[in-house]
Amino acid sequence: MNSPQDPSPAELEQAIRNVPDFPKPGIQFKDITPLLGNARLFAATVDRLIAGHPPGSIHAVAGIDARGFLFASAAALKLGAGCVPIRKRGKLPYRTLEESYELEYDSNTIAIHADAVPEGSRVLLIDDLLATGGTARAAANLLRRLGAEVVEIVFLIELTALEGRAKLEGYPVRSLIRF
Ligand code: AMP
């Protein structure tokens with residue numbers, strides 16, 4: 001039985017709003033702002049994202065642009081770890097490494113600072129949602145190119161029908177809510 005302090009997966013799920021046809025027709029956007037705005041649910045989400053990783057066991061938490069940042073920074077504070085932003089191309093000011101990946105009708109490029117983590121760092125990678133897996137795969141590639149160990153990739157939401165996990169083969173992957 002969950003105490004009021006300890007929300008059930010169903011309660012987290014109910015705090016995620018479906019917005020049809022955003023940002024374009026045919027996409028059902030998973031809006032996490034109701035969850036973020038609820039102190040108890042936000043805290044429980046961060047605790048669950050870092051579950052299994054004791055403070056001191058992770059050197060850095062990397063978050064993916066942009067909603068991943070919201071969880072990665074909170075997680076980093078709790079773990080006593082650094083926080084690393086993985087951003088869309090053109091946003092990071094210093095020298096970067098880039099990775100491109102294909103979308104349905106397009107391609108996307110993300111970047112990390114070349115000195116974001118020292119070689120051999122243990123990094124936890126966080127994003128809000130796993131869809132096709134292209135973004136997370138590219139992010140993990142960037143960390144690997146810097147010589148980091150991606151200890152786990154964690155998501156608040158996984159859209160299972162899109163089989164994004166297949167793209168992340170070789171990495172431990174965990175999600176808190178699956179649709
Ligand atoms: P993908 O590379 O296909 O796994 O897409 C994952 C990225 O796109 C994440 O950073 C998500 O925030 C965003 N994303 C993809 N689909 C959705 C969706 N239905 N609702 C909200 N965000 C999404």
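In each ligand, atom 1 is the first atom listed, and ligand 1 is the first ligand listed. These numbers come from the heavy atoms of this one structure, side chains and all, not from hydrogens, waters or symmetry mates.
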Peer 1: Just need the protein heavy atom nearest to atom 4 (O) of ligand 1, so name the residue and atom and give the distance.
Peer 2: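 For atom 4 (O) of ligand 1, the nearest protein heavy atom is Gly133 N, 2.7 Å.
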Peer 1: Kindly say whether Gly164 contributes a backbone atom to a donor-acceptor pair with the side chain of Thr132 at under 3.5 angstrom?
Peer 2: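 Looks like no, no N/O pair under 3.5 Å.
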Peer 1: Of the protein's non-hydrogen atoms, which lies at the shortest distance from atom 20 (N) of ligand 1, and what is that distance?
Peer 2: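 Nearest protein contact, heavy atoms only, for atom 20 (N) of ligand 1 is Lys30 N, 2.9 Å.
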Peer 1: Does one hydrophobic cluster hold both Leu124 and Leu143, with members joined at side-chain heavy-atom distances below 4.5 Å?
Peer 2: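 No, it is not one cluster - the side chains of Leu124 and Leu143 are not joined through contacts under 4.5 Å.
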Peer 1: Taking distance alone, with no angle check, do Ala131 and ligand 1 share an N/O pair under 3.5 Å?
Peer 2: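 Such a contact does occur with ligand 1.
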Peer 1: Restricting to non-hydrogen atoms, name the atom on Asp6 and the atom on Arg40 that form the minimum distance, rounded to 0.1 Å.
Peer 2: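 Nearest heavy atoms, Asp6 then Arg40: N-NH1, 4.4 Å.
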Peer 1: Which heavy atom of the protein is the closest neighbour of atom 6 (C) of ligand 1, given with residue, atom name and distance?
Peer 2: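 Going atom by atom, the protein heavy atom closest to atom 6 (C) of ligand 1 ends up being Leu129 O, 3.6 Å.
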Peer 1: Is the closest protein non-hydrogen atom to atom 8 (O) of ligand 1 under 4.0 Å?
Peer 2: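 When distances to the protein are checked, atom 8 (O) of ligand 1 has no heavy atom within 4.0 Å.
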Peer 1: Examine the proximity of ligand 1 to Gln28 and report which part, side chain or backbone, both or neither, has a heavy atom under 4.0 Å away.
Peer 2: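 Gln28 to ligand 1: backbone contact only, side chain stays beyond 4.0 Å.
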Peer 1: Considering only non-hydrogen protein atoms, determine which one is nearest to atom 13 (C) of ligand 1 and report residue, atom name and distance to 0.1 Å.
Peer 2: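 Sorting protein heavy atoms by distance from atom 13 (C) of ligand 1 puts Arg67 NH2, 3.9 Å first.
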Peer 1: Tell me whether ligand 1 is touched by Ala136 - counting only heavy atoms on the residue side and a distance under 4.0 Å.
Peer 2: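 Distance cut 4.0 Å: Ala136 fails for ligand 1.
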Peer 1: Any nitrogen or oxygen of Asp128, main chain or side chain, under 3.5 Å from a nitrogen or oxygen of ligand 1?
Peer 2: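 Yes, Asp128 has an N/O under 3.5 Å of an N/O on ligand 1.
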Peer 1: In terms of hydrophobic clustering (I, L, V, M, F, W, Y; side-chain heavy atoms under 4.5 Å; direct or indirect links), are Leu70 and Phe155 co-clustered?
Peer 2: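 No, Leu70 and Phe155 fall in different hydrophobic clusters.
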Peer 1: With clusters defined by side-chain heavy atoms of hydrophobic residues (ILVMFWY) lying less than 4.5 Å apart, directly or transitively, does Leu125 cluster with Val46?
Peer 2: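 Different clusters: Val46 never reaches Leu125 through Ile, Leu, Val, Met, Phe, Trp or Tyr contacts under 4.5 Å.
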Peer 1: Could you identify the single nearest non-hydrogen protein atom to atom 3 (O) of ligand 1 and state the distance to 0.1 Å?
Peer 2: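 Checked against all protein heavy atoms, atom 3 (O) of ligand 1 sits closest to Thr132 OG1, 2.6 Å.
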Peer 1: Check whether Arg87 reaches the backbone of His113 with its side chain - one donor and one acceptor, N or O, closer than 3.5 Å.
Peer 2: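 Side chain of Arg87 to backbone of His113, a donor-acceptor pair under 3.5 Å: no, none is there.
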Peer 1: So does Glu158 pair up with Arg165, basic N to acidic O under 4.0 Å?
Peer 2: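 Yes.
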Peer 1: With nothing but distance in play, are any N or O atoms of Asp127 less than 3.5 Å from an N or O of ligand 1?
Peer 2: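 So ligand 1 has an N or O lying under 3.5 Å from an N or O of Asp127.
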Peer 1: Which one holds for Thr135 and ligand 1: side chain close, backbone close, both close, or neither close, with close meaning a heavy atom under 4.0 Å?
Peer 2: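 Both parts.
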Peer 1: By the definition side chain to side chain donor-acceptor pair (under 3.5 Å), identify the one residue from Asp128, Asp31, Asp127 that meets it with Arg67.
Peer 2: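 Exactly one candidate clears the test, Asp128.
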